[in-house]
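What follows is one structure encoded as structure tokens, with my remarks underneath.
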Protein chains: 2
Amino acid sequence: MPEQFRKGVLVPRLDDVAAAAGVARSTASRVMSGEATLTIREETRQRVLDAAAKLGYRPDTRARALRLKRTYALGIVVPEIDNPAFGTIIRSAQKAAIERRYSLFISLADKDQPDTALYRRLVEGKGVDGVLVTTISDPGLVDELRRRSIKHLLVNRELEGHQGSIIVDYVEATAQVVEHLVMLGHRRLAFISGPLHQYAGQKRLEGFTKGLRRCGLVPDEQLIGECNYGWAEAAEVFKRIYVASAAPPSAVCAANTTIASGMIAGARSIGLEVPDELSVISLLDSPLALMHVPAISAVQFPFEELGRLAANELIDAIENGSEMENVRLERFRIAERGSVSSLR
Amino acid sequence: MPEQFRKGVLVPRLDDVAAAAGVARSTASRVMSGEATLTIREETRQRVLDAAAKLGYRPDTRARALRLKRTYALGIVVPEIDNPAFGTIIRSAQKAAIERRYSLFISLADKDQPDTALYRRLVEGKGVDGVLVTTISDPGLVDELRRRSIKHLLVNRELEGHQGSIIVDYVEATAQVVEHLVMLGHRRLAFISGPLHQYAGQKRLEGFTKGLRRCGLVPDEQLIGECNYGWAEAAEVFKRIYVASAAPPSAVCAANTTIASGMIAGARSIGLEVPDELSVISLLDSPLALMHVPAISAVQFPFEELGRLAANELIDAIENGSEMENVRLERFRIAERGSVSSLR
DNA sequence: TTGAAAGCGTTACCAC
DNA sequence: GTGGTAACGCTTTCAA
């Protein structure tokens with residue numbers, strides 16, 4: 001049975017701690033703040049700490065936030081949650097935030113109910129000190145953040161003229177994948193993208209054509225297909241491209257492992273062997289790549305670093321008022337597995 | 001350039017709205033509350049609303065929470081985020097919460113830093129009105145929630161003697177999978193579980209042995225293997241079981257699709273054909289099941305309903321003080337795909 | 001129908 | 001070194 005404080009209330013406040021320790025509320029506050037610079041008699045400090053421990057006191061974050069005009073909380077807005085890249089970003093951002101004594105609130109941007117979305121509450125209601133934005137499919141969000149001058153950082157997204165974003169280099173990575181394939185002797189390259197109205201889709205397409213041009217090849221519209229709905233559609237898209245094409249591709253860049261897996265299934269269904277008759281590479285790695293037969297070669301990006309740096313940069317901006325940079329992480333790696341063969 | 005209110009401050013408060021509308025703060029508050037029962041002259045109401053709109057006023061959730069002793073926010077503690085079951089639960093819980101005008105804060109329970117975990121802050125600091133708990137691997141959390149009498153509901157978890165949990169029926173589903181396999185003529189069934197110290201692992205093992213007994217079969221310890229670390233380990237575990245066993249299994253229940261995929265790879269590496277020489281079924285479905293060759297038969301649970309009911313039950317308890325129930329959702333479905341064959 | 005004022009739990013300024 | 005007190009932005013009771 002928990003001890004009672006004021007009539008009927010079971011949660012101790014700072015006043016209860018102060019009373020139990022026989023000091024004033026302000027003294028108790030100073031002790032609890034933990035500030036080493038404050039001058040407090042050691043004996044007093046102990047008495048307060050003991051009282052707080054005995055009562056199980058925890059500061060009320062709401063009252064504290066009201067007073068300090070700071071919540072020590074960050075928000076991250078993500079479009080989907082069960083996605084390896086976002087999962088990694090969220091985890092590393094949370095870890096970095098916690099290390100700096102911030103909380104990270106994850107908010108799913110629900111397409112179905114954008115106007116009631118969590119972020120409105122979080123952000124407009126001053127529930128967080130800053131926001132990490134990993135989706136710009138709702139352009140209203142960034143606008144509103146800017147209008148309300150709420151610190152925010154675009155993560156794995158960038159916007160023309162926007163100050164404060166941190167990205168990995170989808171363009172260059174994709175271009176180098178193309179070069180890699182060409183070096184292996186491939187000349188007819190296909191590209192099956194994800195939704196092209198989204199950021200990642202656009203960047204990868206940009207990198208694909210850039211890579212071709214660097215190799216002196218011309219992009220062939222016939223070899224570029226868009227896949228909006230995942231695995232089964234990817235198989236169809238590939239078959240359509242393959243059948244329609246006069247000179248069929250010998251290698252395919254797939255936006256991610258789900259699409260790669262689907263199009264491999266499609267290729268098989270028309271009798272194509274992977275990698276012997278068709279090379280496939282995924283432009284984004286995931287655990288699925290290793291489970292696949294054959295294992296899918298894929299590009300790996302430093303998403304962990306991305307999340308960590310993002311959280312730290314945002315907190316720096318909050319605490320020091322420092323300007324936010326536009327950062328591009330150039331590191332990436334092509335993990336070679338069994339889905340690509342050399343034509344030489 | 002945003003308009004200024006009090007000196008140097010750019011965010012309008014209720015006082016600013018009231019001043020702009022020429023009414024008292026309390027009147028503005030009443031209008032903004034939207035309570036239909038309050039008697040307010042229509043003309044006044046319009047004036048306040050107009051002022052609020054013009055200034056872009058949003059109530060400060062921190063101040064409101066402090067005053068009301070209610071945050072209209074829920075927390076959900078999840079062990080991992082990129083997992084199809086948790087993803088679905090989170091999405092549906094968030095949707096249900098938003099419909100009832102609550103926010104849902106997602107909190108990753110980080111094994112590495114349990115004591116700094118978000119939930120402490122959320123919960124102890126009164127940041128939420130209630131908590132959905134989807135992991136009990138840290139037993140301290142539930143204890144503390146109970147001690148502080150914070151409303152909480154176990155989701156997809158249950159605890160001896162705990163009031164308030166909502167689960168799907170892993171035990172019965174697994175038992176019926178076993179019966180299904182036996183009906184198909186299988187007699188030697190293996191089970192490759194996930195971590196057995198976790199809730200789901202225990203329940204599935206319980207269901208596995210229960211199913212065998214119902215069919216008059218005795219569980220064979222030799223045919224039960226534990227897989228803690230995913231795909232590659234699953235292959236090893238299966239091979240170990242298969243080789244060591246005097247009478248090898250003709251069918252395997254795998255805890256999830258990752259384990260199923262891994263053990264199929266292991267089976268292939270020792271020359272076994274799936275499903276011709278070995279049937280495999282996953283006790284939990286995921287998108288991977290369809291991408292696999294052969295597609296993996298798997299059990300589907302109503303996780304969407306689970307999340308929705310959980311949020312609603314928690315909110316009911318918060319608002320009406322209603323007692324929380326222990327609910328078991330009995331629905332599930334075996335999705336038959338290509339990884340199981342009949343011996344008849 | 002509207003206004004004044006108290007109070008939620010905290011921090012920080014200013015006295016002592 | 002410590003205590004009293006105002007203030008953060010809101011809701012709600014009580015009075016007018």
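Naming: A, B, ... by sequence-line order, numbering from 1 per chain.
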So, for A310(B) and I166(B), which heavy atoms are closest and what is the spacing to 0.1 Å?
CB-CG2, 4.0 Å
Return the residues of residues 39-47 of chain A meeting this criterion: a heavy atom under 4.0 Å from some atom of DNA chain D. Order them by number, or give none.
T39(A), I40(A), R41(A), T44(A)
Could you state the atom-to-atom distance from [atom1] of [X] to [atom2] of [N] in whole Å?
{"X": "Y57(A)", "N": "dG9(C)", "atom1": "OH", "atom2": "P", "result": "10 Å"}
{"X": "E35(A)", "N": "dT10(C)", "atom1": "CD", "atom2": "P", "result": "18 Å"}
{"X": "D15(B)", "N": "dC10(D)", "atom1": "CG", "atom2": "C1'", "result": "9 Å"}
{"X": "D16(B)", "N": "dC10(D)", "atom1": "CG", "atom2": "P", "result": "9 Å"}
{"X": "M32(A)", "N": "dT11(C)", "atom1": "CE", "atom2": "C1'", "result": "13 Å"}
{"X": "R67(B)", "N": "dT10(C)", "atom1": "CZ", "atom2": "P", "result": "16 Å"}

Option passing side-chain contact (heavy atoms from CB on, under 4.5 Å) with V133(A) (candidates N156(A), V155(A), L159(A), L154(A)):
L154(A)
On the side chain of [X], is there an atom forming a donor-acceptor pair with the base of [N] - under 3.5 Å, no angle test?
{"X": "R62(B)", "N": "dG9(C)", "result": "no"}
{"X": "R25(A)", "N": "dT11(C)", "result": "yes"}
{"X": "R58(A)", "N": "dG9(C)", "result": "no"}

Kindly indicate, with the supporting measurements, whether the criterion salt bridge (Lys or Arg N to Asp or Glu O under 4.0 Å) is fulfilled by R148(B) and E144(B).
CA-CA 6 Å; R148(B) 295 185 179 270; E144(B) 184 138 350; 3.3 Å; yes
Strictly below 4.0 Å: does [X] bring a side-chain N or O up to OP1 or OP2 of [N]?
{"X": "R13(A)", "N": "dC8(C)", "result": "no"}
{"X": "K69(B)", "N": "dT11(D)", "result": "no"}
{"X": "Y72(A)", "N": "dT10(C)", "result": "no"}
{"X": "S29(A)", "N": "dT10(C)", "result": "no"}
{"X": "T27(A)", "N": "dG3(D)", "result": "yes"}

Between T134(B) (side chain only) and V77(B) (backbone N and O only), is there a donor and an acceptor less than 3.5 Å apart?
yes
Does any N or O in the side chain of N320(B) come within less than 3.5 Å of the main-chain N or O of A317(B), such that one atom is a donor and the other an acceptor?
no
Judged by nearest nucleotide, the residue sitting upstream toward the 5' end of DNA chain D, R30(A) or L68(A), is R30(A)
On DNA chain C, does the nearest nucleotide to G22(B) precede the nearest nucleotide to A63(B) from the 5' side, or the other way round? Give the residue.
G22(B)
Where does the angle between the aromatic ring planes of Y102(B) and Y72(B) fall among parallel (under 30°), tilted (30 to 60°) and perpendicular (over 60°)?
tilted
Consider only side-chain N and O atoms of D316(B) and S322(B), and report whether a donor and an acceptor are under 3.5 Å apart.
no
By the 4.0 Å heavy-atom rule, please label L66(A) as base, sugar-phosphate, or nothing.
base
